[in-house]
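Indexing begins at 1, ligand by ligand and atom by atom, following the structure's order. The residues of the chain are indexed from 1 along the displayed sequence. Keep in mind that what you see is a predicted model, and the values were worked out from it rather than measured.
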Amino acid sequence: MKNTQNIAIIGAGLAGLTAAAYLRAGYEGEIVIFDKGRRPGGRLAARRHQGVLFNHGAQFATARNPRFLAWLQARVADGRAALWPETSINHDRYVGLPDMNALADAPISAVETGRHVSFAEQQGGQWYLYVNDAKLVAPGHVGPTGSRIGPFDRLILALPAPQAAAFLAGIGHYFAEPASIVTMAPCWTVMLGFPPGTAGPDILLPAHSPLSWVAREACRPGNRDASVGYTVQASPAWSRAHLEDDAQAVQDMLAREFIALSGVAADPDFTATHRWRYAQSEISLGVPCLWDEERNLGVCGDWCMGNRLESAFCSGVGMAEAILAHTSMSVRG
Ligand SMILES: Cc1cc2nc3c(=O)[nH]c(=O)nc-3n(C[C@H](O)[C@H](O)[C@H](O)COP(=O)(O)OP(=O)(O)OC[C@H]3O[C@@H](n4cnc5c(N)ncnc54)[C@H](O)[C@@H]3O)c2cc1C
């Protein structure tokens with residue numbers, strides 16, 4: 001028996017996309033994914049600045065879970081991912097090709113991008129969403145504004161914990177409480193571009209420094225850029241202490257720190273900064289997901305299981321399994 005109920009998923013990071021992919025195996029109903037970002041992937045982020053590629057979100061994936069390992073290896077086999085041998089010290093580290101966003105595995109057409117969902121309400125047992133143009137609302141906005149879209153039989157939130165907690169509190173659901181327990185560390189990230197041929201280290205893992213990770217983009221598998229790009233991440237403690245600082249001041253401080261640590265002699269051609277307010281969770285719930293069978297509401301995300309891509313993937317699979325078990329279906333793959 002196939003299930004014909006419709007599902008709305010808010011959040012097209014790895015957790016939401018994985019839940020959708022595994023649900024599709026057992027569903028004939030429509031699955032609609034909304035994301036406020038310009039493209040799917042969430043923290044699986046990459047962008048080009050002046051022609052130079054930067055992976056400014058997750059740096060690599062590691063796998064202890066056999067299913068996630070098989071998922072990564074399938075992507076290596078068909079050229080969408082590769083091992084990153086230079087950084088694989090204790091564990092194999094995998095990267096997406098041509099960039100980390102490739103692991104998001106979803107064409108833009110599969111997701112309603114640029115759509116900020118600010119509220120949901122249930123009427124006659126069905127869910128209705130309030131959807132806004134992401135450019136027109138404040139990032140953390142919760143409330144019944146925008147277009148009312150529905151009905152959906154089931155609703156999945158695949159958001160970072162603080163955003164899920166605020167949304168759940170807004171709609172008065174008790175899952176707000178467990179979600180609000182999880183705190184997430186921020187990460188200020190600076191992208192620095194240098195002229196072709198600029199010499200410098202491939203990877204730095206500084207201790208006792210504002211910086212915690214430095215990667216030369218050109219040492220990533222598949223990178224063929226002539227110009228030299230460095231992605232520089234501040235430590236969680238430094239990022240938290242400077243969370244509300246002016247972005248330009250943060251950029252200047254971190255760029256100076258990078259030059260001092262790396263010994264790179266040239267001045268950057270350009271610099272860009274990204275603040276991840278919710279980069280990685282500091283504690284997790286210890287369960288794959290939350291599922292309210294009565295209200296047909298699910299919550300998933302990396303923070304349910306840990307703080308890595310693997311956790312997001314496993315949480316998405318767990319979400320699909322919870323729903324399919326509820327409807328007596330089983331997950332393949
Ligand atoms: C700087 C940085 C470095 C990292 N390094 C690593 C690493 O090296 N290895 C590793 O394994 N992990 C790393 N991580 C963690 C990893 O990126 C995450 O664990 C994983 O990507 C989380 O996936 P997710 O689907 O749970 O959440 P997300 O990717 O955050 O997806 C949530 C999505 O929800 C959307 N959204 C939020 N609110 C709304 C709304 N109201 N309406 C519509 N859409 C909404 C967002 O736009 C986002 O796309 C890193 C993270 C960061 C930020």
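Proximity annotation for atom 16 (C) of ligand 1: of T18, V117, I9, L309, L309 comes nearest, heavy atoms only. Nearest to atom 17 (O) of ligand 1 by heavy atom, out of Q233, R43, R38, H116, is R43. Nearest-heavy-atom check against atom 18 (C) of ligand 1 across D302, N307, V131 picks out D302.
Contact annotation: S281 has no heavy atom less than 4.0 Å from any atom of ligand 1. Heavy atoms of A158 approach ligand 1 to within less than 4.0 angstrom.
In this structure, the protein non-hydrogen atom closest to atom 9 (N) of ligand 1 is F60 O, 2.6 Å. Counting only heavy atoms of the protein, atom 14 (N) of ligand 1 lies nearest to Q280 NE2, 3.5 Å. For atom 49 (O) of ligand 1, the closest non-hydrogen atom of the protein is D35 OD2, 2.6 Å. Regarding atom 5 (N) of ligand 1, its nearest protein heavy-atom neighbour is A58 CA, 3.3 Å.
F175 and H173 have their aromatic ring centers within a separation under 6.0 angstrom.
Relative ring orientation between F68 and F313 is described as tilted, the plane-to-plane angle lying within the 30° to 60° band.
Cation-pi geometry between R67 and W71 is not met at under 6.0 angstrom from the ring centre and within 45 degrees of the axis.
Between R277 and E244 there is a salt bridge, with a side-chain nitrogen of the basic residue lying less than 4.0 Å from a carboxylate oxygen of the acidic one.
Of the polar atoms of P160, none of the N or O atoms is found under 3.5 Å from an N or O of ligand 1, judged by distance alone.
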